[in-house]
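For reference, the structure is listed below as structure tokens.
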Amino acid sequence: MRNMKNRELARMFSTIADAIELKGGDRFRVIAYRRAATTLENLTEDIETVAEQGRLQELRGVGKAIASKIEEYLKTGRIRKYDEELETIPEGLLDLLAIPDLGPKTLALAYKSLDIKNLEDLKRAVADGSLAELSRMGEKKVNNIKKGIEIFEKSRERIPISEALEISENLIEYLRANPEVEQATAAGSLRRMKETVGDIDILATGTDGRKIIEYFTSCPNTERVIASGKTKGSILVRTNGEMRQVDLRILSRECFGSALQYFTGSKEHNVKLRRIAREKGLKISEYGVFRGRKRIAGRTEEEVYRTVGLPFIPPELREDQGEIEAGFREELPTLLEYSDIKGDLHVHSNHSDGTSTILEIAEFAESLDYRYVAICDHSKSAKFAGGLSEERLRKQMQEIDRMNMGRELRILKGIEVDILKDGSLDFPDELLAELDVVVAAIHIGFRQNVTERIIAALENPNVDIIAHPSGRLISRREGYEVDLNAVIKSAEKSGKVLELNAYPDRLDLDDQNLRRAKEAGVKISIGTDAHAKSEMGWMRFGVGIARRGWLEKSDVINTSNEFLLNQS
DNA sequence: GCCGTTTTCGGCCCGACTGTTTTCAGTCG
């Protein structure tokens, strides 16, 4: 996997930070380790290259001590500090920090006074009431932790699409490098681009199944081999500290299409498809389409669909949400393609809490063949995120004007302006009016009149886009208390745009609400909310979710060559 | 542990929110 060592080092530094925090150590050292971890995660070069060229200390958050730890890791594969910090902490304890509402202080106390070492201990202490006995623990707090445990467990069993794609793409690339392999493709909910997936399934055809499986199970990322035969192999790989299972199935060429169709699902889609086939005297299985005993199709998915009189249905639509009916009526949408995207309308620079300079962002946008990119840093109320004062924003605008001279890419002057608790915006109208793009967002008061506040923002003529309209964080946080139907209606009325935030934790609006917005005639802007230039690559997750929401090129504003907003 | 237009020591993002308390600790972003 590319940048594997960057990732592993980031994980180790982040774990060291957790360990120090849990022990009540210096909180600034905690911050320092976390910052180094973030830098490594976002680093596009291999850390080995940086080390070889003696540039480690040029990295943000990497000083003498951390640089020497990186070198130690590259040389020996270990970091003594990491081993030392973990020595005194039971395995699995730090994982519990991922439970919402359970932080280092509470966990340390639970460990010290109740000997809670893992999830099971914690659940027991919740159930038998011993957790409630701790100081500063009340009914509500225990209840929140209980809910937190549920979210935590759910998030562990499902893999975020961003991570699943990375694992599968790396493995598919690895498989294709083997001449025995003819074709290799991901299937399952991953291919349907669901926001989280249960497991990773890869299908392949080739000359010698056993050899391919052996090659697969011996890939460099394998942590453990679970199964290895001549048609199926299963391995565990480690990413971000989690073990993920990947299955590979070897199929015969003749039934690759029907198997891909079968293993892509969804189950509901397949059930309906098979029922329709049966009505036509056909039988569809993973081995092909059969009339009696005669196989009439199976080599490609197109063939399979054609036998029942359907056009090819894109995987993202296969949820039995009307796509089969639309297929028969020949009314399937022409879905948005990644190549339709001409710009990113939500990127943070190092003027607020991003890590890249505007120039770096612009050059990255150029490398993506974009026509424009909008710099939308935080506004002044977002102090935790280095929100810009009016003065700093004006300076930024001047800087952008200068950078736009003689440049084909257009850098758009934007802002992610906070919607305050009273529904007003964080900056005066005169200032907002001077910007190219005004993205308004809720960051405080998630339960206070959110619907009214968003609608008030939509009614401000200077606002163009509402960012992450539901506010949910996948597997981590419910959204705002907001009536999205009312928001969609208001956006329709004012001709405003709702965002599909492509940040992997957000994917907000989600597929269902995107479809509602489309049906209401509301346009969508896909923005990555990137906080580092490389995160602009998240656009493809946004495109995937947009396709699940039945969006076409014309539904998405950042597909037009020139940047145009309907300024009312 | 990092970092420097206040610079090699002494800061480091800071306020909202919640639930616990009776003036504040812990968590989150």
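Reminder, nothing fancy here: chain letters follow the sequence lines and each chain counts from 1.
- Each of A/K140 and A/I99 has a nearest nucleotide on DNA chain B; the 5'-most of these lies closest to A/K140.
- Relative to the side chain of A/K105, the nucleotides B/dT20, B/dT27, B/dC17 differ in distance, and B/dT27 lies closest.
- Residues that satisfy the side chain to side chain donor-acceptor pair (under 3.5 Å) test with A/R27, not counting sequence neighbours, are absent from this structure.
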List the atom pairs, donor and acceptor, that lie under 3.5 Å between side-chain atoms in residues 125-137 of chain A and the rest of the protein, sequence neighbours left out.
from   : atom 1 : to     : atom 2 : distance (Å)
A/D128 : OD1    : A/S130 : N      : 2.8
A/D128 : OD1    : A/S130 : OG     : 2.7

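- Non-hydrogen atoms lying under 4.0 Å from DNA chain B are contributed by A/D26, A/F28, A/R29, A/A32, all within residues 24-32 of chain A.
- As the counterpart of B/dT8, no nucleotide is assigned, since no Watson-Crick or G-U wobble pattern has both distances under 3.5 Å.
- For A/R136, counting side-chain heavy atoms from C-beta on, the closest listed nucleotide (B/dC17, B/dG19, B/dG1) is B/dG19.
- Heavy atoms of A/F446 sit nowhere under 4.0 angstrom from any nucleic acid atom.
- A/D121 and A/R124 are joined by a salt bridge, as a carboxylate oxygen and a charged side-chain nitrogen come within less than 4.0 angstrom of each other.
- Using a 4.0 Å heavy-atom distance criterion, A/Q448 is classed as a sugar-phosphate-only contact.
- Residue A/K64 places none of its side-chain N or O atoms closer than 4.0 Å to OP1 or OP2 of B/dC3.
- Checked options A/I465, A/L345, A/V463, A/D464; the residue passing with A/V439 is A/I465 (criterion: side-chain contact (heavy atoms from CB on, under 4.5 Å)).
- One finds no side-chain N or O of A/N144 lying less than 4.0 angstrom from the OP1 or OP2 phosphate oxygen of B/dT18.
- For A/T106, a side-chain nitrogen or oxygen approaches OP1 or OP2 of B/dT27 to under 4.0 Å.
- Summarising the geometry, the separation between CZ on A/R34 and P on B/dC28 is reported as 10 Å, rounded to the nearest angstrom.
- Of the listed nucleotides (B/dG1, B/dA16, B/dG19), B/dG19 has the atom at the smallest distance from the side chain of A/K141.
- Here the P atom of nucleotide B/dG1 and the CG atom of A/L59 are 17 Å apart, to the nearest Å.
- Remark: A/E195 does not engage A/R548 in a salt bridge, criterion side-chain N to carboxylate O under 4.0 Å.
- Ion pairing between A/R540 and A/E169 holds under the 4.0 Å rule for side-chain N and carboxylate O.
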